[in-house]
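Read the structure below first, then the notes.
Letters A, B, ... are given to chains in the order of the sequence lines, protein chains preceding strands, and every chain is numbered from 1.
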Amino acid sequence: MSYFAQALINGIALGGMYTILVLGFSIIWGVMGVINLAHGEFVMVGAYLAWMASDFWDVDPFVSAPAVFAVMLLFGYLVQRVLVNRIIDRPALVSLLVMFGISIILQSVMKVTFSADFRLANTDLDGAWRLTDRLTVPVTRFWVLVVAVGVTAGLNLFLGRSRLGKSIRAAAQNREAARIVGVDIRKVYAVTFALCIGLTGVAGALISPLLAVQPFQGPPLTLKAFAITAMAGLGSVRGALGGAMVLGLVEAMLALYVDRIGTNLAVVASFVLLVAALVLRPQGIFKGLRHVDATST
Amino acid sequence: MRRSVRAFVLLLLLVTATTACGEGSVEDAAPAAGEAAPVDLSAFDGTVRIGAALSETGKFAVEGRDSRQGYNTWVRWVNEEYGGIRIGEGRYGAEIVYYDDESDADTAANLIQRLIDEDRVDFLLGPYSSGLTTGTSAIAEANNVIMVEGNGTSDTMFERGFRNLFLVATVASDYTKSAVEALAARGVRTAVIAHEDTTFPTSVAEGARRHLEANGIEVLAIEKYPKDIQDVSAIMTKFRNLGPDVFLGGGHYNDAVLFVNAADELGFEPDAMLITVGPSNPRLVEQLDDDVEGVLGPTQWEATMAYEGDWFGSAADYAAYYRRLWGEPPVYQAASATASALALHLAIEAAGSTDTDAVRQALRALRADTFYGPIAFDERGVNTAKPMGTIQVQDGEILVVAPDAAAVAALVYPRG
Amino acid sequence: MSRAAPGAGAVARRWPAGRAVGVGALIVLVVLAVLPLLGGTSNATLLTLTLMLTSIGVAINWNLTGGFTGYVDFGHAVWFGIGAYATAILISLQSNGPQVGWPPVPAILVGALVAGFLAAIIGRATMRLKGPYFSIAMLGTFVALREIVRVWSPLTGGGVGLTLPPYLNRMLFYYVELALVAALVVGTWWLRRTRFGAALMAIREDEVGAETRGIDTTLLKTAVFSFAGLSTGLFGALWAYQNTFVDPDIAFVEVRTIDAVMGTMLGGLGTVAGPVLGAAALYWVRELLWTHLLDAHLLAQGVLLIVIVLFVPRGLVGLVDRRGTSLFELWGWKGWRLEGRRLHRGPAAGGEAEAAS
């Protein structure tokens, strides 16, 4: 019994980490139709910022996260103005390739600046809470989960209640209609992109004590975000949470209940699920911001 | 308006590109410091040309640089201190031709072929990593060129019956031997193993299982996990419930971080933790501080080991010489590289020529004590004379605890 | 209006230029074929050329689906890995028992067939998806198959992989791949002139419309997808032999797909010469120039990619030949036309104007 409970805790903790990792990616895709192949690299840049704060000034990543958010917000805005703005009206291949170009550039800039050495940020919120001898809650991941849920709730409120949030949703659902009723699409996109990159940076900051920070850590994270978003529905905030939790739990259960190769299978699972979900249910599992049927253009 | 925006972006890209080139040349200058000084080779009776493809870029860039400095340590020493390789009555200078294999298998294969055909090198020194060595050693074999290496240790490449591949380092399956023996002596009864599902960690894990069973330790579970793993909680949960005395695990540096964190988070506290890659690296200890206290790790070589030879002197002498050349202490990858070059050097002298067959004979017959430990190759081409060392992190210091001959501190068990 | 059929007149008028290109290509082929016989090439040169031919071959295959049918495949290198693995499995049977392994030629051919067969099954499912969803599904397929190969260790050797006997006749592999690439070029050139080719391009332009005109689009696109898979699988099988060992991380490499996409884009999407010129140019630029840039070569690659995509969407071929597909015409942006150097939207006199230019 405690075995299953521990699997549940591991899965939810993992789901929390995936949630914060996927939100920015999902919303950019849902609202702007841009598949951010550089997502993992933005996570990586955020992680480096948090590591610098931790290493140079001894600031906990959970404390520096708001500052990382601000810096990444600005960075996201810049990238949006210089490059992304030029590709949102273009075919998907263009945006895919440009974002891919950005990801290579970020990797190599970080490699040249920080070398390929691994780094790790230090947090005081580490260790475990011991419920029983065989049941523990990982502290860092617990707080990541709290932040993830908080951010999800905040985003939900923002998109549902605020004026800007409503414009963003309108732009996602029907650009032309939104334009006609006077939504400034350019502004909406700029805000969305900057906000999401800010969030993505926060995700990087939060995982910087958990995963080694290095220039080439991005691609697996992008793929994960991809799998979750495509399964869960584009730009759906609740879907991101739901999809991340489902994947976290599936991975935790597979890894725990299959001997020897369980962890290997868990990694296969996310991609098999991705392809299966696309082929069998092209409209997505959760209802996203943007209605999609992947079998029609 | 449009046009000006476009021009602006183009300008920006150009600026990035040029800065990049600028920074590239800064990087270029850095390894130049790790370059062998231009010795006038014409003062010698001849030159021995040796080729090596090493990673300056890509995922093995760090280890590639260490290996290169290791090879160059030998070049500097043999040309400046030793006075050239003695072949018969003559003194021959040493020259190494390097290429950057970009940590890529295709590129490495291409460059090795180029070293053999176009640079016409007499011998090859190995690249970094088992993957790159597996591919390039096949080309060396097919072209009948000897390759001596110290940084590709998977057992699989020595099961192919190659005659021209020699490894001065301890083979992967023996990485945990001295640690397991030391632990068995302290009464360890049970163990669990987790390893990354790639060539080198699998060889290490299979060897570990053999050594554990040979020492009467029961292996309760073996778990595999893929490359680029981001979560090992499940593995650690399983292991916690099995309650073993020893945890053995390994793959990449990041895995060490994941293991130590997950063990901490799940309250998994085995009496000993042996992690294949990471603990011997001061950086890991620095970044995980308290959490790695008492963790064990294998090491090919440490400067504190009590090895000594007629060339370079003792391990400590070698470390001092290396530090004088490159301004940093040698990691074991560098020492392995120097030792590979030294083994080749000794074989050439023993053979009295650079003829491939004669040098191969000499390598097979070689028995030498060096700063790196004893060197003697078996019929596979593996140096079985040198035992693998084991280190333990004690009070934040990396100390050799096994085998007894090399130990500078006693093994702390249980880790506390 | 349809760009699929620029009209017989246009083809006829193009003949002299086409002939010049054809003669040029033939000369290049003859030079490449004769050079090694004159003894002017070392094994190292042959290997370099063979690797370049491999990358050209994969780019041509990628262009068959990506350029002609408009299905942008982000996981194409998976067939390379499957071909390599299937061959390696068949050959390495030898080392387990007494001579049960297959000889090279059937092993390579069957390896390619396995890739083609798997491509047919998977293509049938994933080609129902459109635009980026297809791309993502293929990327997912790529990673999933790599991980399945890793897990299926009794057959594939797991993460450790399989080693092959070192049989390194560089000359032989060079000629085989040269012949393959030549056949592929002739094949695509011919394809563009057949009804089959026209039908493929009709899929790219307007799939629903093509279907209503009685074209069995599912059959056609699956056929071309499986052929591309088979052909890339063949290059993978040959590569496995030359590399003498396979493991999941070197047989399934994202960079192969990226290079095929970049090469084709650089040369010209949906053209015959594009992938050949682009992949060759990319290979040499990297080989000659970027090895000196060290770390910055990644950066240069990223910048180059962005510049090509934004500023030279028609690629090298597009600079001289206006028939190539513009990126803007792919994926639901049928309204966009590149006329001269300007982008226009709407059903301008694009079709005729371009055919006549």
Side-chain angles (χ1 to χ4, degrees), chain A residues 2-3 6-7 9-11 13-14 17 55 82-83 86 105 108-109 111-113 115-122 126-128 130 133-141 207 209-212 214 216-217 219-221 224 248 251-257 259-264 266-268, chain B residues 5-6 8-9 12-13 16 19-20 23-24 26-27 30 57-63 65 103 194 197 221-238 240-241 243 252-258 261-268 278 281 283-284 286-289 291:
Chain A
S2 73
Y3 202 58
Q6 186 68 60
I9 292 176
N10 289 353
L14 192 58
M17 197 169 108
D55 206 58
V82 175
L83 278 173
R86 312 172 58 79
I105 291 174
S108 100
V109 166
K111 164 81 202 298
V112 170
T113 323
S115 87
D117 286 346
F118 292 95
R119 325 275 176 171
L120 209 57
N122 239 324
D126 63 351
R130 226 168 248 250
D133 205 26
R134 300 235 154 146
L135 202 57
T136 53
V137 177
V139 178
T140 314
R141 284 165 194 250
I207 62 160
L210 293 171
L211 296 176
Q214 45 108 352
F216 306 107
Q217 74 179 141
L221 301 176
K224 204 65 138 200
E251 288 190 4
M253 295 293 168
L254 265 178
L256 208 52
Y257 284 101
D259 270 341
R260 284 186 61 84
I261 55 167
T263 306
N264 267 338
V267 172
V268 180
Chain B
V5 172
R6 180 168 295 198
F8 169 73
V9 173
L12 197 78
L13 289 173
T16 355
T19 359
E23 296 198 62
V26 172
E27 274 287 298
T57 52
K59 59 179 183 250
F60 302 130
V62 176
E63 297 90 338
R65 192 203 56 209
S103 311
D197 193 4
I222 300 179
E223 287 281 328
K224 295 197 281 192
Y225 58 88
K227 213 177 84 164
D228 294 333
I229 184 81
Q230 279 139 29
D231 180 55
V232 294
S233 309
I235 294 175
M236 294 318 239
T237 305
K238 277 188 209 177
R240 183 187 66 190
N241 287 18
H252 279 99
Y253 182 91
N254 191 31
D255 308 351
V257 173
L258 290 172
N261 272 336
D264 189 33
E265 287 173 347
L266 291 159
F268 172 49
N281 188 332
R283 234 170 274 129
L284 181 84
E286 193 182 299
Q287 289 181 338
L288 286 170
D289 31 63
D291 295 341

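Among the candidates A/Gln214, A/Arg130, A/Gln217, A/Arg141, the residue making the largest number of heavy-atom pairs closer than 4.5 Å to chain B is A/Arg141. Chain A forms more heavy-atom pairs under 4.5 Å with one residue of B/Ala263, B/Ala194, B/Ala262, B/Ala234 than with any other, namely B/Ala234. Heavy-atom pairs under 4.5 Å with chain A peak, among B/Ile222, B/Asn241, B/Leu258, at B/Asn241. Chosen from A/Leu221, A/Leu254, A/Asn122, the residue pairing most often with chain B at heavy-atom distances under 4.5 Å is A/Leu221. No other option in B/Val257, B/Asp264, B/Asp231, B/Ile229 has as many heavy-atom pairs under 4.5 Å with chain A as B/Asp231.
Minimum heavy-atom separation, A/Gln6 to A/Leu135: OE1-CA, 3.3 Å. Across all non-hydrogen atoms, the minimal contact from A/Leu256 to A/Ala7 is CD2-CB, 3.3 Å.
Using a 4.5 Å cut-off between heavy atoms, A/Pro209 contacts chain B through its backbone alone, with no side-chain atom that close. Neither the backbone nor the side chain of A/Met253 has a heavy atom closer than 4.5 Å to any heavy atom of chain B. Looking at B/Asn261, only its side chain comes within 4.5 Å of chain A, counting heavy atoms on both sides.
At a threshold of 4.5 Å between non-hydrogen side-chain atoms, the residues A/Val139 and A/Asp126 do not count as touching. Residues A/Pro138 and A/Ile9 are in side-chain contact: their nearest non-hydrogen atoms beyond the backbone lie under 4.5 Å apart.
Under the rule for a side-chain hydrogen bond (donor to acceptor under 3.5 Å, both in side chains), the partners of A/Glu251 that lie at least two apart in sequence or sit in another chain are A/Tyr18, A/Lys224. Scored by the side-chain hydrogen bond (donor to acceptor under 3.5 Å, both in side chains) test, B/Thr237 finds A/Asn10 as partners (sequence neighbours excluded).
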